[in-house]
Number of protein chains: 2
Amino acid sequence: MEKRRADQIAEQLEERIFNGTYADGDRLDEVRLAEQFGVSRTPLREAFQRLALSGLLELIPRRGAFVRQPGPVELIEMFEVMAELEAVCGRLAALRISDLALTELREANESCQRAVEARDADAYYFENERFHRIIYQQSGNSFLAQEAAKLHKRLQPFRRQQLRFRGRMGQSMAEHEEIVRALETGQAEAAAKALRGHVAVQGEKFHQLMATLKSAAE
Amino acid sequence: MEKRRADQIAEQLEERIFNGTYADGDRLDEVRLAEQFGVSRTPLREAFQRLALSGLLELIPRRGAFVRQPGPVELIEMFEVMAELEAVCGRLAALRISDLALTELREANESCQRAVEARDADAYYFENERFHRIIYQQSGNSFLAQEAAKLHKRLQPFRRQQLRFRGRMGQSMAEHEEIVRALETGQAEAAAKALRGHVAVQGEKFHQLMATLKSAAE
DNA sequence: GTCAAGGTTTTTGTATACAAGAATGATGCG
DNA sequence: CGCATCATTCTTGTATACAAAAACCTTGAC
């Protein structure tokens, strides 16, 4: 399926919003972006529509498109939902996961471990996503898996910041181990609880998240 | 905030997809719809973008926009996710709900009861939505509330069909009572369980849902 | 009669043109 | 000197025009 120009633009704009090129409240100028991308305003506006639906832009009629970065409160809320979605995926996956997927899960986890030892944040980030994505899919509910993956992607830039904090990677690995054990033995509630705790933002992590926000706002 | 033409069109198309005017796989003709709505293709295409993002349309490049009604499997999956979202809302709301909201909840429930007695399906449908929406909001997590409301809306036409079945309204009312009791007494897990059960599709209800799908396909 | 190849016709995707509303700045009045 | 009002300019929203790709139809060969 070949892509439209508008799709590519949407992806690039999304990337810029995620990586902080645009700050919260920035107005995106149609004509300036259009000539920057070398297209007319039409495909650009289509891209705007998309990003607005994903919550990345706010389209105010007759005013323009404004970047909408989640604030502290919304971010906490999103992490809370993510924790619950992961918990549900885990609970279902504990009953439904295949042996093949379990093998892949352990493999992804080992890759994570190697990334931690090599202090390779990018590799950890990548393998961690694989780890979680397997659990989403093994929930046996592809709609759930899709929704979980969507939110995961949106929270990724913030998660990434969190991993910089000392000791977080190691702790995260221990949690992964616990999750794998619960899934291996089919303990649904244990898997749910482990995943919820793994993702949830609380206590010390909350302060880390606040720090993340400050650095992202600069 | 006044609306754009494109917004109104998106709403109307959404309505048509929900109420079954368009069947799964139907291709929406841009020019025909444009003259039908009395607009050009531009706002229509913007509306398409939206509906595609909500999963109601599939936009195949260079081919067109195709209506995408959820099939049996996807529908079951969506109900499963809805049940879990409601459960989470209930669990959080049990701890966070305000007295005012509890009063409103009881009020909505009484209106439901009256609708059942009057055999007024439309009224029941409306008050039931109010009942659930209060719980979403009282989760204290507006992101969660928003997501729950979004999915609720998407599933509404199917839920509506289900209520036609004999005895379902009465059973649903009993479940509402149980939910209210759990929320009143702050029993988080009980509220979660009651709401999950209330929404989940299982056993007999599954067959009803299948019947719904058949009638919707006609 | 069937199938394939090429051309014709639709239909989508993008660019441009135009219209209407919002922002901005200048000017006049208090 | 400050503020309000009006005109100008800019920006968005929509319509139209054009280009490219897909669907189709016809025609010809086997």
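Reminder, nothing fancy here: chain letters follow the sequence lines and each chain counts from 1.
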- [ ] Assign the ring pair A:His132 / A:His176 to parallel, tilted or perpendicular, where the plane angle (0 to 90°) is split at 30° and 60°.
- [x]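 If you compare the ring of A:His132 with that of A:His176, the planes turn out perpendicular.
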
In whole angstrom, give the distance that lies between atom [atom1] of [X] and atom [atom2] of [N].
X       : N      : atom1 : atom2 : result
A:Arg41 : C:dA17 : CZ    : P     : 12 Å
B:Glu35 : C:dT11 : CD    : C1'   : 14 Å
A:Phe48 : D:dT12 : CZ    : P     : 8 Å
B:Leu57 : C:dT12 : CG    : P     : 13 Å
B:Leu44 : D:dG13 : CG    : P     : 16 Å
B:Arg5  : D:dA15 : CZ    : P     : 8 Å
A:Leu33 : D:dT11 : CG    : C1'   : 14 Å
B:Gln49 : C:dT14 : CD    : C1'   : 13 Å

Please pick, from [options], the nucleotide with the shortest atom-to-atom distance to any side-chain atom of [X].
X       : options                : value
A:Glu30 : D:dT14, D:dG13, D:dA17 : D:dG13
A:Asp29 : C:dT12, D:dT14, D:dT11 : D:dT11
A:Arg62 : C:dG21, D:dA15, C:dG13 : C:dG21

- [ ] Decide yes or no on side chain to side chain contact (heavy atoms under 4.5 Å, CB included) for A:Lys153 and A:Glu14, but give the supporting numbers first.
- [x] CA-CA 11 Å; A:Lys153 187 183 175 193; A:Glu14 185 179 279; 2.9 Å; yes

Open item on the list: I want to confirm an ordering. Mapping A:Val39 and B:Gly64 to their closest nucleotides on DNA chain C, which one lands closer to the 5' end?
Closed with: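 Upstream on the strand: B:Gly64.
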
Task: Residue met sooner reading DNA chain C from 5', once A:Glu46 and B:Val31 are mapped to nucleotides - done: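 Counting from the 5' end, the first nearest nucleotide belongs to B:Val31.
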
Open item on the list: salt bridge (charged side-chain N to carboxylate O under 4.0 Å, His left out), that's the test. Do A:Lys150 and B:Glu147 meet it? Break it down for me.
Closed with: CA-CA 12 Å; A:Lys150 206 196 297 182; B:Glu147 293 293 311; over 6 Å; no

Task: Polar side chain donor-acceptor pair, B:Gln8 to B:Arg5, under 3.5 angstrom - done: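 B:Arg5 and B:Gln8 do have a side-chain donor-acceptor pair below 3.5 Å.
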
May I ask you to verify if any side-chain N or O of [X] is less than 4.0 angstrom from the OP1 or OP2 atom of [N]?
X       : N      : result
B:Arg27 : C:dT12 : yes
B:Thr42 : D:dT14 : no
A:Arg45 : D:dG13 : yes

Open item on the list: To check you understand the geometry: which heavy-atom pair defines the closest contact between B:Leu53 and A:Ser54, and what is its length?
Closed with: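 Answer, listing the atom of B:Leu53 first, then A:Ser54: CD1-OG, 4.4 Å.
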
Open item on the list: Suppose we call a contact any N or O donor and acceptor under 3.5 Å apart; does that hold for the side chain of A:Arg63 and the base of D:dG13?
Closed with: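 No such pair is found, so the answer is no.
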
